[in-house]
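Worksheet for the structure shown next.
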Protein chains: 2
Amino acid sequence: MPESQPRGPELDKRKAYILTTIVYEYIATAEPVGSATLTQKYNLGVSSATIRNEMAELEARGYLVQPHTSAGRIPSDTGYRTYVDRLMPAESLASEESDRLRTEFARAGRAIDEIVEQATRLLSQYSQNLAVVVAPSKDSQVFRHLQLIWLADRSVLMVVVTTAGVAEQHVIEPVVDVDPDELTRASNALNRRLSGTLLVQLDRGTVVDALATTEPPLHASLIDGIIAGFAHARRPEERRILFGGAQHLLDQPEFRDFKKLRSILDLVEEQRTLYNVVLDSIERGESTPSVRIGGELELEDMSECSLVAIPYRMGDRSLGVLAILGARRMPYGRMMALIAATADHLSQHLTDVELP
Amino acid sequence: MPESQPRGPELDKRKAYILTTIVYEYIATAEPVGSATLTQKYNLGVSSATIRNEMAELEARGYLVQPHTSAGRIPSDTGYRTYVDRLMPAESLASEESDRLRTEFARAGRAIDEIVEQATRLLSQYSQNLAVVVAPSKDSQVFRHLQLIWLADRSVLMVVVTTAGVAEQHVIEPVVDVDPDELTRASNALNRRLSGTLLVQLDRGTVVDALATTEPPLHASLIDGIIAGFAHARRPEERRILFGGAQHLLDQPEFRDFKKLRSILDLVEEQRTLYNVVLDSIERGESTPSVRIGGELELEDMSECSLVAIPYRMGDRSLGVLAILGARRMPYGRMMALIAATADHLSQHLTDVELP
DNA sequence: CGCTAGCAGTCTGGGAAAGTGAGTGCCAAG
DNA sequence: CTTGGCACTCACTTTCCCAGACTGCTAGCG
């Protein structure tokens, strides 16, 4: 006897259409949607009283909530979730907009940092929301070349270049004098044996092996320095997070409230929490945008926000994540299309600038 | 007949004391200061009526303003200016706080970017205001070492290392095949002749001269590539500006107003305007903090803000600027002491990590 | 001549009261 | 199942009023 069906099995066609319309209208207007508005603006073929009955049932099943007794309805997390997963028409970016994105990426130059900064700027600008970008960590990059440069008798500069075109430098201070020829031999040996290896794999054993045949053998303190240099170049613990477009938040009526604004800005400043959430969002490694709605973020004071995230790549290695953080009432279709296109262009551009 | 003295010649002792007290009190409470408050909280030895007369005169002379007829007074730009320049007691940072600053700088590592990011974080945290930091431009750095690395027959990676320990890379694609030996000879020649030169001085002529004696002569397209590489490493046009602690603005009652908040966040996003103002502030190259109060900033909607700025150095070269942007009602003494100490520690740390 | 006490006048900010209107739920009839 | 009608609810806005803070002015005092 299915008299009260909590979270019913399926929504019939009319209920689905009503939910779709309510989400759409609320996203557009930021005002709770009433039955009269629906019958006036959308062609439903039934009266507002009928809509009221349907809305009451959608609320009972958890898709809608009423801010207060005499207001219209707004979608709940479940309502948005259903909309995003099953009701929303798929959108894709207008081709001229996509072209503009590509053009603007091309203006960023070859340096990885620059490209990622440009991505942040573009994403916030086009989305009119807060853009959050996790920059590449070094450890997924491929070692290309190393140079040991003689600075003084007990001071050596080690420069590591990856195929991403990023150079990291590190000063080594061995406990014995070294001479330039010795450094050249070491550089050559390491380059011959290790070029093409992922940075993350360049641990102590690998380096010691690569230098085993060097004659005369290098002093242990120099080898230690080289190993430390690789460890430094790798630095997996340190991933920059970039932000852009915080001012757009002020345009949303839901953030006309200093407490909510403060929560978000604190999150931006703190970085770690947001970093975890963003990484969680794309853990599955899928290449479609992942969406987290309101309470799904599991963050205090963030029930009014949603996050759309997607990974980006260089070649076939996943490097980092793009994300849009905005009001829960966001145009999900457009945001997903936009972030997917941005990630595509970014991945493409990064792959293009990779060194041979 | 000096009957009405606009912006009178000097403030007598009592007026100066009253002005000082009003600025002090207003900074502490954010409430317009009335005559009764003054007599109660501060030992003035005269009645509130006398204070009222004095305040009326201070207002007539432009040091104070009244938000409305029945309110107390708040300082005008001129009032703050007088306070900062002549009335305020000089403050210096408590030595334990200064020590803490130094310790935290030490945790930043050797990379210039990292150190400057740390400075931004510390400055915003200690000042509880928005920190604005202009990062070093490349062109004031000293060329230390160059390496031309063979990637493929027509592809060469050029790595430039400065004494700041920053490496920049650039891909050169000459129109003829090159071989590794040729590259080594070119690298050696350039290093021998040019090491120690400012990057900004490495123009076409200098490079061509340095390579003039190379035998056999390098192909023109390779030389062009090297010149382009230096130009790229230099990139004077591109100076990063870092921000930190925007959320602290929300703590100030003067920014409980979305328009003002929006103005500031827009400024942060736009960067260029703020960059100019900050550079203006320290154009004189002095090493004491420069202060700009309210309207002196000459920025629309920024009349409620003040900016405290100071340059920082590496060795004896000025590299960039630290600044604090906050409410006009800020504790100037502390902010100036703090930013001076931060700049000192930053300059010291940068000088320490410079390569030999 | 400067200082003070007292007083009338002015303005803001907050809170109560009342009116407005959007929107609902329910019912009885089609 | 749908619909028109109706009573009811509740947030929001406007209006009004009052308390409080502070001033400027004046007259008197040392």
Side-chain angles (χ1 to χ4, degrees), chain A residues 2-5 8 11-19 21-22 25-26 28-61 63-76 79 253-254 256-257, chain B residues 1-5 8 11-15 17-19 21-22 25-26 29-61 63-76 253-254 256-257:
Chain A
E3 245 186 44
S4 74
Q5 56 260 75
L11 293 176
D12 64 45
K13 210 165 163 185
R14 191 168 71 189
K15 284 199 182 59
Y17 184 58
I18 290 174
L19 176 55
T21 316
I22 289 175
E25 181 72 12
Y26 183 59
T29 63
E31 295 292 331
V33 184
S35 55
T37 314
L38 282 191
T39 48
Q40 280 157 31
K41 286 198 172 179
Y42 300 88
N43 189 14
L44 291 162
V46 291
S47 79
S48 65
T50 308
I51 304 296
R52 278 201 289 283
N53 290 330
E54 294 285 57
M55 284 164 84
E57 190 165 339
L58 281 168
E59 179 170 5
R61 292 218 234 161
Y63 294 100
L64 298 176
V65 294
Q66 229 176 342
H68 56 85
T69 335
S70 69
R73 258 81 172 200
I74 66 176
S76 66
E254 31 270 269
R256 305 257 131 160
D257 167 352
Chain B
M1 53 216 83
E3 242 186 46
S4 78
Q5 55 262 73
L11 293 177
D12 63 46
K13 209 164 164 186
R14 192 168 71 186
K15 284 199 183 57
Y17 184 58
I18 291 174
L19 176 56
T21 316
I22 289 175
E25 181 73 11
Y26 182 60
T29 64
E31 296 291 333
V33 183
S35 55
T37 315
L38 282 190
T39 47
Q40 279 157 33
K41 286 198 172 179
Y42 300 87
N43 189 15
L44 290 163
V46 290
S47 79
S48 65
T50 308
I51 305 296
R52 279 200 289 283
N53 290 330
E54 296 285 56
M55 284 164 84
E57 190 164 339
L58 282 168
E59 179 170 5
R61 292 219 233 159
Y63 295 101
L64 298 177
V65 294
Q66 228 175 344
H68 55 84
T69 335
S70 69
R73 259 81 172 199
I74 65 177
S76 66
E254 31 271 90
R256 304 257 130 159
D257 167 353

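Remember, it's a predicted structure, so these values are computed and weren't measured experimentally. Quick note: numbers below take in every heavy atom, side chains included, and nothing from hydrogens, waters or symmetry partners.
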field: Distance in Å, A:Ile18 CD1 paired with A:Lys13 NZ, rounded so as to fall on 0.5 Å steps
entry: 13.5 Å

message: What's the separation between atom CG in A:Leu44 and atom CG in A:Leu38, rounded to the nearest 0.5 Å?
response: 6.0 Å

field: Separation of B:Tyr42 OH from B:Thr37 OG1 (nearest 0.5 Å)
entry: 9.5 Å

message: Just the rounded figure in Å: distance from P of C:dG23 to CD1 of A:Ile74.
response: 14 Å

- line: For nucleotides 24-30 of chain C, 5' to 3', base contacts (B), sugar-phosphate-only contacts (S) and non-contacts (-) with protein non-hydrogen atoms under 4.0 Å give BBB----

- prompt: Which residues pass the salt bridge (Lys or Arg N to Asp or Glu O under 4.0 Å) test with B:Glu31, sequence neighbours left out?
  reply: none

- prompt: Between which nucleotides of DNA chain D, 5' to 3', does chain A make heavy-atom contacts below 4.0 Å?
  reply: D:dT2 to D:dA11

- line: So the salt bridge (Lys or Arg N to Asp or Glu O under 4.0 Å) pairs with at least one residue in residues 37-54 of chain A (sequence neighbours excluded) are A:Arg14-A:Glu54, A:Lys15-A:Glu54, A:Glu25-A:Lys41

message: Output the rounded distance in Å from NZ (A:Lys41) to P (C:dA22).
response: 14 Å

message: Going by the rule side-chain contact (heavy atoms from CB on, under 4.5 Å), which residues pair with A:Asp257 if we only count those two or more places apart in sequence or in a different chain?
response: A:Lys259, A:Lys260

message: Could you measure the distance from the CD1 atom of B:Ile22 to the CE atom of B:Met55? Nearest 0.5 Å is fine.
response: 4.0 Å

field: Residue-phosphate contact under 4.0 Å: B:Thr50 side-chain N/O, C:dT4 OP1/OP2
entry: yes

- request: Kindly write out the residues that satisfy side-chain contact (heavy atoms from CB on, under 4.5 Å) with B:Ser47, not counting sequence neighbours, or none if the list is empty.
  value: B:Ala49, B:Thr50

